[in-house]
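All remarks here apply to the structure that follows.
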Amino acid sequence: MLEWIFDTLRAHCEIAIFLTLALGFWVGRLKIRSFSLGVVTSTLLAGVLVGQLGIDISPHVKSTFFLMFLFAVGYAVGPQFFRGLKGDGVRQVVFAVFLCVAVLATAVVTGKLMGYTVGTTAGLLSGASTISAVLGVATDSINQLPLAAEQKREFLDAMPIAYAITYLFGTAGSAWILASLGPKLLGVNLEEECRKYEAELGGGLQSAEQHLSAYRELTVRAIRLKREWFGKTIDELERTFPMRTFVQRLRSNGKIVEAKPNLRIPEGAVIALAGRRNLMLEREASLGTEVDDRELVDVEVEALDVVITNKALAGKTLGELAEQELAGAGRGVFLRKILRSGVQLPLTFGLPVDRGDTLTLVGAKPDVERLAPLIGYVDRPTEQTDMVVMGAGITLGALAGAITIHLGGVPLSLSTSGGALIAGLVCGWLRSVNRTFGRIPGPALWVFNNIGLNIFIAVVGISAGPKFVAGLMSNGLSLFVAGLIVTTVPLVLGVLAGKYLFKFKAPIVLGACAGARTTTAALGAIEAEAKSSVPALGYTVTYAVGNTLLTIWGVVIVLLMT
């Protein structure tokens with residue numbers, strides 16, 4: 001039976017690929033306390049295991065899925081990448097370039113001192129900086145070198161070995177360095193610094209719900225008003241609250257009417273009051289008595305994601321939007337959360353918004369529907385992907401990347417993979433400007449990103465499998481030390497440069513380091529240590545730049561090491 005299975009896997013490589021994916025995703029999700037190999041590393045190792053059977057797979061398979069992966073990466077970060085090139089994001093862009101250059105320089109110097117080949121050094125850069133895309137881009141560049149096929153194969157087989165050995169500390173080590181060592185290098189109490197920074201930004205609006213909970217911060221309550229409120233306007237009552245609170249409707253003489261700011265409160269009125277629960281509890285004694293009036297509070301509520309496309313709103317703070325730009329139209333609507341490049345930002349009055357940010361609005365359906373068009377594009381759930389834009393984008397990008405220029409006998413090109421990345425950046429940015437085309441829903445983007453990358457990694461592991469163990473035995477210890485150096489040195493330099501050269505606030509320094517190194521795990525560790533999402537303010541722009549530059553380094557490191 002086993003022999004039949006092995007022969008079938010050799011004859012049908014597609015089965016071997018899906019077996020590798022199943023094993024990789026299963027092992028990658030296992031945890032021992034807080035430790036996990038991660039899906040990418042597990043898929044690579046599963047591929048190495050399956051590859052011991054001697055399975056031949058066309059290199060075109062991994063190239064196809066790698067292009068899909070890179071386009072998805074560019075599409076996701078494109079809006080923030082281009083916006084970071086102007087305005088207040090420029091300093092963060094420069095910082096990200098600084099850190100990415102430090103990563104490249106450290107990898108090249110370490111590789112030369114250790115006497116590594118171009119393949120081993122590319123794998124070292126990829127694993128220690130946790131940027132898997134380097135493997136694919138470096139593969140394209142090595143294949144263009146004027147070398148014998150056997151030597152190219154040797155370089156390509158060395159990459160996944162170096163990647164696997166250095167990736168673990170690249171992930172876990174970067175999280176520890178930034179979350180635990182980083183605050184000590186900066187000489188700060190990170191939690192206290194985040195509180196100070198939130199205060200500078202105007203304090204919190206409301207906390208976004210991170211999980212399903214019985215508690216609801218935003219609520220609607222029916223209150224029978226005290227006599228002293230009769231005759232006053234709705235606006236006068238709402239202005240007594242320190243934060244946005246609204247009367248949705250009121251009942252008078254058995255009839256329900258919609259509340260208007262200039263409407264005078266009739267005698268015996270019961271109001272449906274919408275706002276934060278804690279504010280209502282504080283004011284309950286002065287307002288009146290809560291009553292059970294289901295019909296009055298039975299308001300159809302809608303939570304709607306709206307992408308900012310209105311140029312007039314870009315650069316405005318949340319406080320300015322609430323009090324000035326959208327004050328009238330925003331009546332009855334609350335902001336639940338704000339996402340930028342998929343990262344949730346802290347809700348503070350002083351937080352500037354930008355085009356491409358996604359606001360989750362909550363309120364009565366007529367109120368939300370009235371406000372949404374003034375902000376931008378309503379991002380309603382859909383299952384359809386614009387494959388015309390994706391297919392054309394990858395085609396044009398790959399064609400542009402395939403153009404090769406020879407300088408001194410050295411072939412220079414972005415490679416098809418680099419071209420696909422840039423095409424994704426452009427398409428993602430165009431989508432943020434004009435939301436009528438190029439849609440890729442979140443679940444579809446996850447598939448393109450994760451399946452594209454992991455099928456590429458699976459094929460790499462299967463192809464390198466027969467020589468992997470021998471390479472691990474001969475270079476394992478030196479590669480682990482080299483990976484420790486390439487992970488640690490740039491991050492320490494980044495923390496110090498962020499404080500003394502770029503003058504960032506401590507939470508922004510750490511978030512920017514995590515972003516430039518594209519390590520989401522480190523951002524999560526920093527936010528857990530800070531008990532705040534403030535570090536995310538330094539993450540989005542630098543992540544977009546880091547994802548792009550570190551991927552392009554796959555071309556550059558081949559040129560520097562040959």
Side-chain angles (χ1 to χ4, degrees), residues 14-31 36-48 50 57 61-78 126-127 129-137 139 160 163-164 167-168 170-171 175 339 341-344 381-387 390-391 393-394 417 420-421 423-425 427-428 431 438-462 514-515 517-524 539 543-544 546-548 550-551 554:
E14 64 274 17
I15 302 176
I17 292 173
F18 283 105
L19 173 62
T20 301
L21 285 181
L23 291 173
F25 274 78
W26 176 60
V27 174
R29 290 171 179 172
L30 297 178
K31 284 190 176 182
S36 171
L37 280 175
V39 170
V40 176
T41 303
S42 298
T43 301
L44 176 63
L45 296 178
V48 169
V50 174
I57 302 177
V61 174
K62 66 179 181 181
S63 298
T64 300
F65 282 94
F66 190 64
L67 292 185
M68 183 171 71
F69 158 68
L70 281 182
F71 181 87
V73 168
Y75 181 92
V77 303
S126 182
S129 58
T130 63
I131 188 76
S132 309
V134 167
L135 295 179
V137 177
T139 296
Y163 173 86
Y167 184 88
L168 293 181
T171 301
L339 295 178
S341 296
V343 178
Q344 187 165 321
T382 180
E383 298 178 355
Q384 295 184 353
T385 294
D386 191 340
M387 289 303 300
M390 183 174 181
I394 293 176
S417 51
L421 174 67
L425 289 170
C427 289
R431 164 72 181 169
R439 178 178 175 82
I440 303 180
L445 195 63
W446 184 94
V447 170
F448 297 146
N449 197 318
N450 287 272
I451 301 303
L453 171 62
N454 282 287
I455 286 183
F456 165 79
I457 291 294
V459 176
V460 168
I462 292 171
R517 261 288 317 278
T518 68
T519 171
T520 306
L523 177 65
Y539 183 83
Y543 177 82
N547 230 322
T548 305
L550 290 176
T551 299

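Below, each value reflects all heavy atoms present in this structure, side chains not excepted, and no hydrogens, waters or symmetry copies.
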Task: Neighbour count above 12 (heavy atom, 6.0 Å) for Q384 CD - done: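 No, not enclosed.
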- [ ] Would you indicate whether W446, at its atom CH2, is surrounded by more than 12 heavy atoms from other residues, nucleotides or ligands within a distance under 6.0 Å?
- [x]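 Counting other residues, nucleotides and ligands, CH2 of W446 exceeds 12 neighbours.
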Taking atom [atom1] of [X] and atom [atom2] of [Y], what is their separation to the nearest 0.5 Å?
| X | Y | atom1 | atom2 | answer |
| --- | --- | --- | --- | --- |
| I451 | L21 | CD1 | CG | 6.0 Å |
| T548 | Y543 | OG1 | OH | 9.5 Å |
| F69 | I455 | CZ | CD1 | 13.0 Å |
| T20 | F18 | OG1 | CZ | 10.5 Å |
| L45 | T41 | CG | OG1 | 6.5 Å |
| M390 | F71 | CE | CZ | 6.0 Å |

Quick one: are [X] and [Y] in side-chain contact, heavy atoms under 4.5 Å?
| X | Y | value |
| --- | --- | --- |
| F456 | L135 | yes |
| L70 | T551 | yes |
| L23 | S42 | no |
| N454 | F25 | yes |
| V137 | F66 | yes |

[X] to [Y] - nearest heavy-atom pair and separation:
| X | Y | result |
| --- | --- | --- |
| G461 | L44 | CA-CD1, 3.7 Å |
| V134 | L550 | CG2-O, 3.1 Å |
| G438 | D386 | N-OD2, 2.9 Å |
| C427 | G393 | SG-CA, 4.3 Å |
| Y539 | T520 | OH-OG1, 2.9 Å |
| V459 | V61 | CG2-CG1, 4.2 Å |

Between the side chain of [X] and the main-chain N/O of [Y], is any donor-acceptor distance below 3.5 Å?
| X | Y | answer |
| --- | --- | --- |
| N449 | L445 | no |
| S126 | I131 | yes |
| R431 | I440 | no |

Open item on the list: Run T139 and V460 through side-chain contact (heavy atoms from CB on, under 4.5 Å) and show every step you take.
Closed with: CA-CA 10 Å; T139 296; V460 168; 5.8 Å; no
